[in-house]
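None of these values were measured; they are calculated from a predicted model.
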Amino acid sequence: MLGKKLVTAQKRGETRALCLGLGMVACSMMMYFFIGITIVPFYTRSVWTAETVCKVLKANIKDKVLSPNSEGSEDEDIFPYPCLQVWVNLTASGQEVMLYQTEDTLERNSKCSYVPGKSENSKEVKARIETIASNFKKYQTFPCYYDPGGTQTNVILSRLYPPKGLLFAFLWPTLMFTGGCLIIVLVKISQYVSVLSAWQ
């Protein structure tokens, strides 16, 4: 009787472990799919792949503007903000080009180097833009990214999804997938050893 109970408990434990391993594999596949349709397209579309050194030529704050994509919008969080324009000398080609914070900044407003997020406090946004402008004037030289193909003549300060960030995004589903497969293999080995012991 005790032996039957032990065998039943072992089978239940193996079933639960097998379900856990399959669940981990299924979750990792869903994470792979989610990353593949969200992060990977942004990474592949980015043409600013080569890193170089930029030197600030001028950093001016123009009159307040609205993002071109937000004109006519009924969003209450949209407000005019000072337009920071930063022009740099591109070391790779020696050209005078405009600097943008990220790829998303160029899409949101091509007139400004920095586009603030949605906020109701315009004073904080103004102070932040003034701080950014003073930092550019203080630190004249810094690394930036440009398009080696020449389709985009402007440069960006940082990429939204650099190669390290993409690898980090794939790290967790890979670990989960490996752990799930390892659990399944261990359960199958345990079942094989149990069957082998029963035959002997």
* Cluster link L20 to V185, ILVMFWY, side chain under 4.5 Å -> no
* **E130 side chain near S134 side chain, heavy-atom distance below 4.5 Å** => no
* L182 and L186: CA distance, side-chain angles, deciding distance, side chain to side chain contact (heavy atoms under 4.5 Å, CB included) verdict -> CA-CA 6 Å; L182 185 61; L186 291 176; 4.3 Å; yes
* Between T131 (side chain) and A127 (backbone), is there a donor-acceptor pair under 3.5 Å? -> yes
* Exercise: do Q85 and S113 side chains pair donor with acceptor under 3.5 Å -> no
* Kindly give the heavy-atom pair with the smallest separation between G36 and P41, and that separation in Å. => O-CD, 3.2 Å
* Structure fact -> Residues P82 and I61: closest non-hydrogen pair is CB-CG2, 3.6 Å
* **For E51 against P143, the heavy-atom pair lying closest together** => OE2-CB, 3.3 Å
* Cluster check I156, Y43: I/L/V/M/F/W/Y, side chain < 4.5 angstrom -> no
* Asked: Which heavy atom of P148 sits nearest a heavy atom of V47, and at what distance?
  -> CD-O, 3.6 Å
* Asked: Is L167 linked to L175 within one hydrophobic cluster, defined over Ile, Leu, Val, Met, Phe, Trp and Tyr using a side-chain heavy-atom separation of less than 4.5 Å?
  -> no
* Hey, are the side chains of L84 and C112 touching, using non-hydrogen atoms and a 4.5 Å cut-off? -> no
* Nearest heavy-atom pair of P116 and R128: which atoms, and what distance? -> CB-NH1, 4.1 Å
* Asked: When you look at CZ of F142, are more than 12 heavy atoms from neighbouring residues, nucleotides or ligands closer to it than 6.0 Å?
  -> yes
* Reported CZ-to-CD distance for the pair R108 and Q101, which is rounded to 0.5 angstrom -> 9.0 Å
Which side-chain N or O atoms in residues 23-33 pair as donor and acceptor under 3.5 Å with protein atoms at least two apart or in another chain?
unit_1, atom_1, unit_2, atom_2, d
S28, OG, M24, O, 3.3
S28, OG, V25, O, 2.6
Y32, OH, T174, N, 3.4
Y32, OH, T174, OG1, 2.7

* To do: Check for a donor-acceptor pair, side chain of N60 on one end and backbone N or O of K62 on the other, with a separation under 3.5 Å.
  => no
* Identify the residue among V88, N89, T141 that makes a side-chain contact (heavy atoms from CB on, under 4.5 Å) with V53. => T141
* Structure fact -> Note: V187 and A17 closest approach over all heavy atoms is CG2-CB, 3.6 Å
* To do: Taking the side chain as every heavy atom from C-beta outward, state whether I184 and L22 have any atom pair closer than 4.5 Å.
  => yes
* Between CD of E103 and OG of S46, what distance do you get to the nearest 0.5 Å? -> 3.5 Å
* Asked: So, does T102 use its side chain to make a donor-acceptor pair with the main chain of L160 at under 3.5 Å?
  -> no
* Do Q152 and L106 come within less than 4.5 Å of each other through their side chains, counting heavy atoms only? -> yes
* **Cluster overlap L18 with M176, hydrophobic side-chain contacts below 4.5 Å** => yes
* To do: Taking the side chain as every heavy atom from C-beta outward, state whether Y192 and I189 have any atom pair closer than 4.5 Å.
  => no
* To do: Mind running side chain to side chain contact (heavy atoms under 4.5 Å, CB included) on V155 and C54 for me, showing each step along the way?
  => CA-CA 9 Å; V155 295; C54 288; 4.1 Å; yes
* To do: Carefully, step by step, assess W87 and V97 under the rule side chain to side chain contact (heavy atoms under 4.5 Å, CB included).
  => CA-CA 6 Å; W87 293 87; V97 295; 5.5 Å; no
* To do: Give the intermediate values and the outcome of side chain to side chain contact (heavy atoms under 4.5 Å, CB included) for residues T52 and L90.
  => CA-CA 8 Å; T52 186; L90 189 60; 3.3 Å; yes
* Does the side chain of V86 come within less than 4.5 Å of K58's, by heavy atoms? -> no
* Going by heavy atoms in the side chains, are Y161 and T38 under 4.5 Å from each other? -> no
* Do Y146 and M98 belong to the same hydrophobic cluster, where Ile, Leu, Val, Met, Phe, Trp and Tyr are linked whenever their side-chain heavy atoms lie under 4.5 Å apart, directly or via other members? -> no
* **From Y145, F136, Y100, Y114, residue fulfilling side-chain contact (heavy atoms from CB on, under 4.5 Å) relative to L157** => F136
* Asked: So, do N154 and L99 sit near enough that their side-chain heavy atoms are less than 4.5 Å apart?
  -> no
